[in-house]
Amino acid sequence: QVAARSQDAEDTVLRRWKMEKGTWKREQTAGPSNFSIFPLPFSILFLLLAVAWSWPLVTRLSWRIPHDPGDPLLNTWILWWNTQAVPFTESWWSPPVFYPMPGSFALSEHLAGIALFTAPLKLVGVNPIAAYNVALILSSWLSGLFAFLLGRKLTGSSAAGVLAGVAFGFAPYRASQLSHLQVLTA
C-alpha cells in the first residue's frame with residue numbers, strides 16, 4: 001500500500017510537468033497557481049494576528065523593548081548604525097566600538113537586510129527603538145503571510161494556508177527568540 005501511494009504521488013507530480021524541446025516545463029493548470037499573489041483579507045488577518053501576538057508593544061513602540069534589554073538594544077544600535085554610514089564601506093565596517101580595531105563590525109551581525117525596512121523609518125524621524133519594534137512586528141506579519149501563501153500554493157486550500165501561516169508566524173519558538181530579531185527575520 002505504501003509503495004502504491006508513493007507511486008500515485010509520483011505520477012501526480014509528473015503529470016504536472018511535460019517535456020518540451022528537451023527541457024521539463026510545468027503545465028499551467030487551474031487551481032492554486034492562479035491565485036492572486038497578495039490576497040488583501042489574509043494580509044490584514046496576519047497583520048492583526050501580529051499586532052495581537054506582540055500586544056501591548058504596539059502601544060509603546062517608541063520606548064519599550066520586548067524581552068530583556070541585552071540583544072535588542074545591541075540590534076537597535078546596529079540598525080541605527082546602518083543609517084549612519086554607507087553600508088559595506090570601510091567606515092561602516094569600523095564603527096566607534098573596540099577602537100582602534102579596524103573592521104570591528106565584522107564581530108557581529110550587520111542586519112543589513114533588516115535595515116532595508118528600518119532605515120527609511122529612521123530617515124523620516126522615527127526613533128531607533130520604534131524602528132526596531134516595527135521590524136519585530138513585520139517579522140511576524142510577513143512570516144505568517146508568506147507561510148500562508150506557500151501553504152495555499154502547495155495544497156490549494158486557503159484553510160491549510162492559514163494553518164501554515166499561524167503555525168510558522170506565531171510558533172512558540174518565535175516567542176523564545178524575541179530578543180533575536182535576526183532569528184525572527186531569517
Side-chain angles (χ1 to χ4, degrees), residues 1-61 66-67 71-72 75 79 82 109-121 124 126 130-186:
Q1 285 182 343
V2 173
R5 281 191 210 139
S6 176
Q7 185 63 39
D8 288 343
E10 186 177 323
D11 290 344
T12 302
V13 169
L14 289 177
R15 269 186 260 133
R16 292 182 185 163
W17 293 84
K18 64 180 180 176
M19 180 66 96
E20 199 173 281
K21 295 182 184 174
T23 60
W24 286 97
K25 302 246 179 179
R26 186 177 172 104
E27 292 181 355
Q28 293 298 320
T29 59
S33 62
N34 293 333
F35 286 164
S36 64
I37 299 297
F38 285 100
L40 186 60
F42 294 106
S43 181
I44 293 169
L45 169 69
F46 284 105
L47 176 60
L48 292 174
L49 286 172
V51 167
W53 188 74
S54 62
W55 193 262
L57 184 63
V58 175
T59 62
R60 300 170 175 100
L61 274 179
H67 211 269
D71 286 341
N75 289 338
L79 291 170
N82 281 315
E109 295 97 348
H110 53 68
L111 306 182
I114 303 168
L116 293 173
F117 296 96
T118 61
L121 296 173
V124 297
V126 174
Y132 174 89
N133 287 333
V134 167
L136 182 80
I137 293 166
L138 271 175
S139 74
S140 300
W141 177 33
L142 296 178
S143 292
L145 177 62
F146 286 108
F148 158 76
L149 291 171
L150 177 64
R152 186 174 75 169
K153 174 81 172 172
L154 293 176
T155 65
S157 166
S158 291
V162 168
L163 188 62
V166 170
F168 182 72
F170 310 99
Y173 172 78
R174 291 180 61 85
S176 71
Q177 294 297 321
L178 272 178
S179 64
H180 303 114
L181 183 61
Q182 61 273 37
V183 173
L184 296 175
T185 59

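The shortest heavy-atom contact between V126 and A130 is CG1-CB, 3.4 Å. Residue Y132 comes nearest to P66 through the heavy atom pair CE2-CD, 4.2 Å, listed as atom of the first residue, atom of the second, then distance. Minimum interatomic distance between L149 and P39 (heavy atoms only, all atoms of both residues): CD2-CD, 3.7 Å. Between F168 and A147 the shortest heavy-atom distance is CB-CB, 3.7 Å.
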I'd like a table of donor-acceptor pairs (distance under 3.5 Å, sequence neighbours excluded) in which one partner is a side-chain atom from residues 171-179, with atom names and distances.
| residue | atom | partner | partner atom | Å |
| --- | --- | --- | --- | --- |
| R174 | NE | G169 | O | 2.8 |
| R174 | NH1 | L184 | O | 3.2 |
| R174 | NH2 | S139 | O | 3.4 |
| R174 | NH2 | S139 | OG | 3.1 |
| R174 | NH2 | S140 | OG | 3.4 |
| S176 | OG | Y173 | O | 2.6 |
| Q177 | OE1 | H180 | ND1 | 2.8 |

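Every residue meeting the side chain to side chain contact (heavy atoms under 4.5 Å, CB included) condition with A115, not counting sequence neighbours, appears here in chain and number order: L79, N82, T118. For F148, the ring-ring contact (aromatic ring centres under 6.0 Å, His included) test picks out F42, F46, with sequence neighbours left out.
Proximity of F117 to V134: side-chain heavy atoms (C-beta onward) are nowhere separated by under 4.5 Å. Contact annotation: the side chain of W141 approaches that of S43 to within less than 4.5 Å [non-hydrogen atoms, C-beta and beyond]. Using a 4.5 Å heavy-atom cutoff, the side chains of L111 and L181 are not in contact.
No side-chain donor-acceptor contact under 3.5 Å links S54 to the backbone of L57.
The CG atom of L47 sits 8.5 Å away from atom CG of L138, with the distance rounded to the nearest 0.5 Å. Between atom OG1 of residue T155 and atom CG of residue L150 there is a gap of 9.0 Å, rounded to the nearest 0.5 Å.
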(Q) With side chain to side chain contact (heavy atoms under 4.5 Å, CB included) as the criterion, how do I114 and N75 come out once you've worked through the C-alpha distance, each side chain's angles and the decisive distance to 0.1 Å? (A) CA-CA 10 Å; I114 303 168; N75 289 338; over 6 Å; no

